[in-house]
Structures are given as C-alpha cells and as structure tokens.
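Computed from a predicted model, the values in this text were never measured in an experiment.
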Amino acid sequence: MAAPVVAIVGRPNVGKSTIFNRMAGERIAIVEDQPGVTRDRLYAPAEWLNYEFRMIDTGGIELGDEPFLAEIRAQVELALDEADVIVMVTSGREGVTSADEVVAKMLYKTDKPVVLAVNKVDNPEMRQDIYDFYSLGLGEPYPVSGSHGLGLGDLLDEVVKNFPDEAAEQEDDGAIRFSIIGRPNVGKSSIVNAILGEERVIVSDIEGTTRDAIDTRFVTPEGDEFIMVDTAGMRKRGKVYENTEKYSVMRALKAIDDSNVVLMVLDAEAGIREQDKHVAGFAHEAGRAMIIVVNKWDAIEKDDHTMKDFENLIRAEFKFLDYAPIVFVSAKTGQRLDRLPQMIMDVDANHRKRISSSTLNDVIMDAIAVNPTPTDNGRRLRVYYATQVAVQPPTFVIFVNDVELMHFSYERFLENKIREAFDFTGTPIKLIVRARK
Ligand code: GDP
Ligand code: GDP
C-alpha cells in the first residue's frame with residue numbers, strides 16, 4: 001500500500017545529510033493552518049528507476065545532553081522499526097572507526113537488508129581503500145561521494161533491489177484500517193492495550209514481508225474486522241527515541257498515510273497543544289476520515305458543562321475538523337471505549353460513500369434557489385452540473401461558467417448544503433470547481 005521506506009544511519013559527520021539531500025526530492029512539510037509556524041521536515045519522497053520510495057530523516061533526533069552514542073542508538077532503533085532498507089554510511093577518508101563498528105553491531109540483529117556506503121570517495125584512486133570496510137560484516141561496500149554525486153546510482157540500484165516484493169503484500173480483505181495518533185503521553189498505548197486486551201476481542205498480528213509485525217488485525221465480538229496500523233511501537237515500549245517530539249510526529253505522519261480512519265487522541269488533563277494541530281492538519285490534508293478521542297476523562301473534575309465546554313474548545317481550536325465526531329473516553333476505566341468500533345465503521349462508511357449525480361444535482365439546485373450564486377462586475381456564476389468523481393474522501397466536481405466567479409464562501413455554502421443533505425460525519429469532502437467549455 002505505502003511506498004517502501006529507506007533510512008540512512010551512521011556516526012556523525014560521515015555525510016548522511018549530504019547523501020539524504022542528494023537522494024531526496026522536496027521534503028514533505030507538515031501542513032499547518034497558521035502562518036509562521038516552523039515547518040518540520042521529516043520525510044522525503046524519492047524515486048529511482050521506476051521505484052518510488054520514502055526517505056526518513058533520522059538525523060536530528062534531539063535527546064538533549066545525551067552523548068552521541070545514545071543519539072546513534074536512537075537513530076538506528078528508528079531505522080530498524082520503520083525502514084524497509086537501511087543504508088549505513090561510513091567515510092572513506094577516515095577509514096573504519098570504532099564508532100562505525102558500534103553502528104554495524106547494532107545492525108547485525110536485524111534481518112532487514114542493510115546496504116553499506118563508503119562516502120567521501122571523491123576520486124577513483126580512493127577506491128582501493130574501501131576493501132577494509134568488508135570487516136564491518138555488512139557485505140559489499142559501495143563507494144560514493146555525496147558532495148560530488150558519484151556512485152549514488154549503483155548504491156540506489158542495490159537499495160531498490162532489496163525492496164519488499166509488492167506481490168507479497170498482505171491483502172486487507174475488507175478489514176478497516178485505522179490508526180491512533182497523538183502526542184506522547186496522551187494515552188495511545190493505553191487505548192491500544194485496552195481495546196486489544198478486551199477478552200472477547202480476537203487479535204492476530206500481521207507478519208509483514210520484511211517489516212516486523214507492525215499492524216495488528218483484530219475481530220470484535222460482533223465479528224467486525226479491523227487493522228490497527230502501526231501498533232507494534234505502542235505495544236512494546238521503552239525505546240529511547242519514542243518520546244521525542246520529532247519522532248512522534250513522524251510516526252503519526254506515516255500512520256496517517258497507511259490508514260483510512262484516524263483516531264486523534266487528545267489529553268483532557270493536559271489540554272490542546274500546538275503539536276496536536278500540526279498532526280490533525282496533516283490528517284485533514286491527507287483526506288482521511290477522523291475521530292477526535294479525548295482521553296483521561298476520568299482524571300478531570302466535571303460538572304454538567306464540562307463536556308460541552310471541552311467540545312467548544314476543540315471546535316474553536318480545530319476549525320477545519322468540524323466534521324470530526326468527538327468522543328470522551330478513559331483508557332483507565334474503559335469508559336466509552338466500546339463505542340469506538342462502531343464509530344470507526346460509521347466514519348469509514350461515510351468516507352467511502354457515493355452519491356448519485358441526480359440526487360446530488362437536486363441538492364445543489366435547491367441550494368442555489370435559496371442562496372443565489374454570486375456576481376462580479378455584472379457577471380453571474382452559473383452552476384451547470386455536479387458529479388462525484390472519487391471516494392476516500394468523497395470528491396465532487398462542480399462545472400461552472402467561470403471558475404473565478406466561485407468565491408470561497410459560496411463554495412463553503414455548497415459544501416454545507418451537501419453535508420446537510422447527506423451524512424458525511426467524520427470525513428472531509430473535496431469540491432473541485434471546473435469551467436465547462
Ligand atoms: P552527517 O553528520 O553524517 O549528516 O554529515 P554531513 O552530511 O553533515 O557531512 C559532514 C561533512 O562531510 C560536511 O562538511 C560535508 O560537506 C562533508 N561531506 C559530505 N559528503 C562528502 C563527500 O562525498 N566528500 C567530501 N570530501 N566531503 C563530504
Ligand atoms: P502514549 O505515549 O500516548 O502511548 O501514552 P500512554 O498510554 O503511555 O499513557 C501515558 C500516561 O497516561 C500513563 O502514565 C498512563 O497510565 C496515563 N493514562 C493513559 N490513559 C489514561 C486515562 O484514561 N486516565 C488516566 N487517569 N491516565 C491515563
């Protein structure tokens with residue numbers, strides 16, 4: 001389903017970022033709805049030959065004052081968890097160092113393919129010296145020069161050769177794929193464990209091809225099947241990098257990519273933070289169905305306004321998510337967790353909903369009758385016809401006389417009318433305005 005992931009690891013200063021930047025296309029920025037917010041860049045789409053893949057930027061996991069060994073460890077753990085192919089970078093200028101040996105040793109325990117690059121081999125004479133690198137026990141060393149762009153083709157040939165076989169990928173057979181995202185400590189693992197720990201829920205891990213079992217398939221007592229995306233990391237805990245903000249954002253982005261329905265968890269005790277908005281914005285832009293889950297509802301003092309007040313706060317802070325239903329739960333007491341499967345099925349059904357053109361056009365024409373189309377310099381917007389062109393998310397094309405005449409506010413009005421007429425709870429919908437020739 002998702003493109004393979006490549007991670008670059010190695011001790012500091014060998015040229016990882018230089019190689020990353022050479023291989024990567026433009027990096028994906030986190031979408032935010034406010035200008036001026038720093039854009040974290042974590043993933044980069046890349047391609048080689050006919051292969052599309054994604055590169056994780058494992059650099060810059062910030063661990064404060066931790067020594068660089070801890071930083072390398074975090075980087076390697078991340079690569080081991082997330083990547084399909086790992087590129088270990090060393091430097092031909094310095095030769096094999098003890099830090100290289102430490103990195104190599106961490107990589108021995110994985111059965112994921114590791115490709116060894118010897119960087120800073122800027123001229124052909126230096127190629128003699130790379131044989132020492134066989135001693136790292138990671139197979140053939142590939143000489144490259146990140147700064148001169150040499151040897152990267154051969155390296156990439158080897159990388160793509162090791163991508164998992166698409167044919168071997170697991171079929172989803174109707175199970176709903178969803179993910180649970182949110183900042184560290186909001187209670188994601190607790191929710192996962194509460195759902196999967198329920199006695200009558202039947203759990204089976206999905207064995208990936210080269211990945212560890214990352215997703216979890218389960219069946220509810222009602223017989224409904226779900227695949228919880230990227231659960232492995234939440235079930236076995238205690239990795240160094242897990243609670244870094246950068247990592248948690250990255251994990252969320254990947255989980256969003258891989259799922260149809262996203263459960264965004266907020267912490268009732270801690271309130272709403274900037275990072276919550278970044279990630280929610282990305283899920284919205286990606287067109288995923290979404291449920292907002294407010295956890296730790298047991299932990300706060302409540303009166304009869306508390307729930308409504310919290311809901312108002314969420315609506316004000318996440319204006320673009322006005323379609324997402326909100327549920328207040330406690331992973332600790334289990335309160336309302338039993339509602340989640342049905343909610344996931346409902347928003348998933350809305351996300352896949354198809355509206356016939358005739359019904360859709362009735363709704364649009366009725367809307368126009370109530371609120372006539374805008375005019376500009378005496379010219380009036382004419383809406384000829386609307387039709388649904390896609391699902392997940394539902395996407396509608398509206399044919400008009402002149403695209404310029406369609407104002408944002410009128411588009412919004414039409415979207416609201418569509419939402420009033422059909423239940424699209426939990427899913428974004430897209431309107432595309434086209435001029436009819
Ligand atoms: P990182 O810490 O592993 O990400 O390393 P960087 O990509 O930041 O590079 C460290 C230093 O090595 C920088 O000064 C780069 O300019 C330099 N460098 C990177 N690639 C090459 C190369 O192929 N040849 C030479 N001579 N220097 C390089
Ligand atoms: P994650 O980092 O999002 O996976 O969060 P965890 O599941 O590890 O939970 C973080 C902390 O919040 C732990 O100390 C949990 O015991 C606590 N916690 C999780 N859910 C609840 C809840 O519903 N109520 C209360 N009171 N504490 C919770």
Side-chain angles (χ1 to χ4, degrees), residues 1-2 28-35 37 43 176-182 226 229 249 252-266 272 275-294 311-327 340 342-357 359-360 363-364 367 386-398 403 406-434:
M1 179 181 187
I28 295 172
I30 297 173
V31 181
E32 76 275 352
D33 60 336
Q34 288 170 314
V37 177
Y43 260 118
I176 301 177
R177 295 180 71 88
F178 74 99
S179 56
I180 299 181
I181 63 167
F226 296 89
V229 170
V249 172
L253 297 193
K254 183 147 165 293
I256 290 166
D257 268 355
D258 290 353
S259 48
N260 295 323
V261 179
V262 172
L263 271 52
M264 192 187 57
V265 183
L266 301 176
I272 297 164
Q275 193 189 336
D276 295 327
K277 293 189 211 167
H278 284 193
V279 173
F282 190 83
H284 172 75
E285 291 294 323
R288 299 301 185 256
M290 162 107 71
I291 297 168
I292 298 173
V293 179
V294 182
E311 192 175 330
N312 290 340
L313 179 69
I314 292 171
R315 293 301 176 209
E317 295 281 347
F318 299 93
K319 289 211 172 68
F320 55 100
L321 290 183
D322 51 4
Y323 51 81
I326 302 172
V327 60
L340 291 176
Q342 188 61 49
M343 288 180 83
I344 294 169
M345 288 194 289
D346 289 346
V347 302
D348 184 67
N350 292 341
H351 198 221
R352 302 168 187 270
K353 188 174 284 181
R354 276 184 198 280
I355 306 297
S356 77
S357 293
T359 324
L360 178 68
V363 170
I364 300 277
T387 187
Q388 183 172 358
V389 292
V391 294
Q392 294 183 307
T395 305
F396 304 91
V397 173
I398 300 180
V403 174
M406 175 67 95
H407 296 164
F408 176 75
S409 59
Y410 201 74
E411 208 175 309
R412 190 77 198 183
F413 162 73
L414 292 180
E415 174 175 342
N416 288 338
K417 285 293 169 190
I418 293 173
R419 285 189 180 278
E420 275 171 29
F422 313 102
D423 184 6
F424 281 120
T425 307
T427 175
I429 65 180
K430 283 192 185 151
L431 299 190
I432 299 169
V433 184
R434 287 272 155 77

To the closest 0.5 Å, what do you measure between [atom1] ([X]) and [atom2] ([Y])?
| X | Y | atom1 | atom2 | result |
| --- | --- | --- | --- | --- |
| I176 | I344 | CD1 | CD1 | 7.5 Å |
| M345 | Q342 | CE | CD | 4.0 Å |
| I181 | D276 | CD1 | CG | 9.0 Å |
| I429 | N416 | CD1 | CG | 8.5 Å |
| I398 | E411 | CD1 | CD | 7.0 Å |
| N350 | F424 | CG | CZ | 7.5 Å |

Closest approach of [X] to [Y] (non-hydrogen atoms, all atoms of both residues):
| X | Y | result |
| --- | --- | --- |
| P394 | P428 | CD-O, 3.6 Å |
| L360 | Q388 | CD2-N, 4.0 Å |
| A255 | S179 | O-OG, 3.6 Å |
| D258 | R177 | O-NE, 2.8 Å |
| F320 | G281 | CE1-CA, 3.5 Å |
| A324 | M290 | CB-O, 3.6 Å |

(request) For side chain to side chain contact (heavy atoms under 4.5 Å, CB included), just list the numbers for V279 and I256, CA-CA rounded to whole Å, side-chain angles, deciding distance to a tenth of an Å, and then say yes or no. (result) CA-CA 9 Å; V279 173; I256 290 166; 4.0 Å; yes

(message) Can you confirm if the aromatic rings of Y323 and H284 lie within a centre distance of less than 6.0 Å?
(response) yes

(request) Start with the C-alpha distance between Y410 and V433, add both sets of side-chain angles, then the distance that settles side chain to side chain contact (heavy atoms under 4.5 Å, CB included), and finish with yes or no. (result) CA-CA 11 Å; Y410 201 74; V433 184; over 6 Å; no

(message) Here's a test for you: under side chain to side chain contact (heavy atoms under 4.5 Å, CB included), which of R288, H351, K353 qualifies with Q392?
(response) H351

(request) With sequence neighbours left out, write down each residue that passes salt bridge (Lys or Arg N to Asp or Glu O under 4.0 Å) with K417, or none if nothing qualifies. (result) E420

[X] versus [Y]: any side-chain heavy-atom pair under 4.5 Å?
| X | Y | value |
| --- | --- | --- |
| T425 | D346 | no |
| I355 | I418 | no |
| L414 | F396 | no |
| F178 | I291 | no |

(message) Within a 6.0 Å radius of atom CZ on R315, are there more than 12 heavy atoms belonging to other residues, nucleotides or ligands?
(response) yes

